[in-house]
Amino acid sequence: MQWFWDSAKYFYASLALIPVVPFILVYLGSSAVTGNRKKAIRNAMDVTTALLIGCVAVLFNLIFGSSFGFYGILLIMLIGGGLLGNLQYRSKGVLDIKRVTRAVWRVGFFAMGFFYILLMLIGIGKVFLVA
């Protein structure tokens with residue numbers, strides 16, 4: 001059973017290494033199956049967000065020497081969900097959890113993409129400045 005978890009971990013790590021590749025693969029696959037390009041982009045964003053969260057958390061931990069990366073991302077996403085839920089409840093009087101979750105997840109895609117690029121540049125700079 002250990003080999004299964006190790007294989008899953010290495011598969012996830014290889015996909016998360018360059019998140020553009022899974023984005024393109026999911027986009028092309030979803031576009032071919034559904035024929036809807038907008039839905040294909042949303043599906044690709046949803047899948048890539050999970051990969052970006054893991055990658056940004058690891059980059060944060062490596063650069064800053066902490067183990068708070070994943071928990072910090074989770075905390076920020078939960079706070080964002082709470083704020084969006086509160087805004088939705090105050091404006092419409094009804095809370096649609098599915099919509100709030102989707103909004104936080106999609107905003108997370110853009111935020112994680114930004115932090116992925118930023119932390120990758122900082123990490124590369126740190127490696128070349130130290131060496």
Side-chain angles (χ1 to χ4, degrees):
M1 190 61 163
Q2 183 65 29
W3 65 270
F4 176 76
W5 293 114
D6 288 339
S7 299
K9 180 173 64 171
Y10 288 120
F11 180 71
Y12 175 82
S14 63
L15 286 178
L17 185 62
I18 305 174
V20 175
V21 174
F23 182 89
I24 292 170
L25 291 175
V26 171
Y27 171 74
L28 292 175
S30 182
S31 181
V33 169
T34 64
N36 187 348
R37 293 168 81 185
K38 282 187 176 184
K39 186 170 182 166
I41 287 176
R42 288 189 294 249
N43 288 340
M45 285 173 58
D46 291 343
V47 170
T48 307
T49 302
L51 298 171
L52 283 170
I53 288 172
C55 199
V56 168
V58 169
L59 284 170
F60 182 88
N61 292 344
L62 288 174
I63 290 171
F64 297 110
S66 74
S67 60
F68 187 68
F70 178 73
Y71 302 110
I73 293 169
L74 186 63
L75 178 66
I76 290 170
M77 290 180 91
L78 286 171
I79 290 172
L83 291 172
L84 277 175
N86 184 27
L87 179 69
Q88 185 185 59
Y89 184 75
R90 286 178 184 257
S91 65
K92 298 188 183 208
V94 177
L95 180 62
D96 186 3
I97 300 224
K98 185 177 178 183
R99 246 181 124 180
V100 171
T101 304
R102 192 178 326 125
V104 169
W105 195 252
R106 300 243 167 95
V107 168
F109 171 78
F110 292 108
M112 292 303 114
F114 172 75
F115 283 115
Y116 174 76
I117 292 169
L118 180 69
L119 292 174
M120 191 64 83
L121 291 174
I122 290 171
I124 290 171
K126 209 172 172 183
V127 166
F128 284 120
L129 291 176
V130 172

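If you read the sequence from its start, that first residue is 1, and numbering goes on from there.
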Same apolar cluster: Phe11 and Leu51, side chain cutoff 4.5 Å
yes
Determine the minimum heavy-atom distance between Leu52 and Pro19, stating which atoms define it.
CD2-CG, 3.4 Å
Go through the structure and list residues passing salt bridge (Lys or Arg N to Asp or Glu O under 4.0 Å) with Arg106, not counting sequence neighbours.
Asp46
Could you state the interatomic distance from CG (Leu95) to CG (Leu87), rounded to the nearest 0.5 Å?
11.0 Å
Are Phe115 and Ile117 connected, step by step, through hydrophobic side chains (Ile, Leu, Val, Met, Phe, Trp, Tyr) whose heavy atoms are closer than 4.5 Å?
yes
Hydrophobic clustering (ILVMFWY, side-chain heavy atoms < 4.5 Å, transitive) - are Ile76 and Ile53 grouped together?
no
Quick one: pull up CG in Leu118 and CG in Leu59 and give me the separation to the nearest 0.5 Å.
10.0 Å
Does one hydrophobic cluster hold both Val56 and Val107, with members joined at side-chain heavy-atom distances below 4.5 Å?
no
Of all heavy-atom pairs between Phe70 and Ala57, which one has the smallest distance, and what is that distance?
N-CB, 3.5 Å
Here the pair of heavy atoms bringing Asn43 nearest to Ser30 is ND2-OG, 2.9 Å
Does atom CG of Leu75 have more than 12 heavy-atom neighbours from other groups under 6.0 Å away?
yes
To the nearest 0.5 Å, how far apart are CG in Leu121 and CD1 in Ile63?
9.5 Å
Roughly how far, to the nearest 0.5 Å, is CG of Asp96 from OH of Tyr89?
14.0 Å
Contacts of Thr101 meeting side-chain contact (heavy atoms from CB on, under 4.5 Å) (sequence neighbours excluded), chain-then-number -> Ile97
Within the supplied structure, the quantity of interest is the number of heavy atoms (other residues, nucleotides, ligands) at a distance under 6.0 Å from Arg99 CZ; does it exceed 12?
no
Quick one: do Leu74 and Val58 end up in the same hydrophobic cluster if we chain Ile, Leu, Val, Met, Phe, Trp and Tyr together by side-chain heavy atoms under 4.5 Å apart?
no
Kindly give the heavy-atom pair with the smallest separation between Ala103 and Leu84, and that separation in Å.
CB-CD1, 4.0 Å
Identify the two heavy atoms, one from Thr49 and one from Phe109, that lie closest to each other, and give their separation to 0.1 Å.
OG1-CB, 3.2 Å
Thr48 (side chain) donor-acceptor with Met45 (main chain) under 3.5 angstrom
no
Rounded distance (nearest 0.5 Å) linking atom CD1 of Ile41 with atom OG of Ser31:
8.5 Å
List the steps and the verdict of side chain to side chain contact (heavy atoms under 4.5 Å, CB included) for Ile73 and Met112.
CA-CA 9 Å; Ile73 293 169; Met112 292 303 114; 3.9 Å; yes
Aromatic rings Phe64 and Phe60: how do their planes relate, parallel, tilted or perpendicular, breaks at 30° and 60°?
tilted
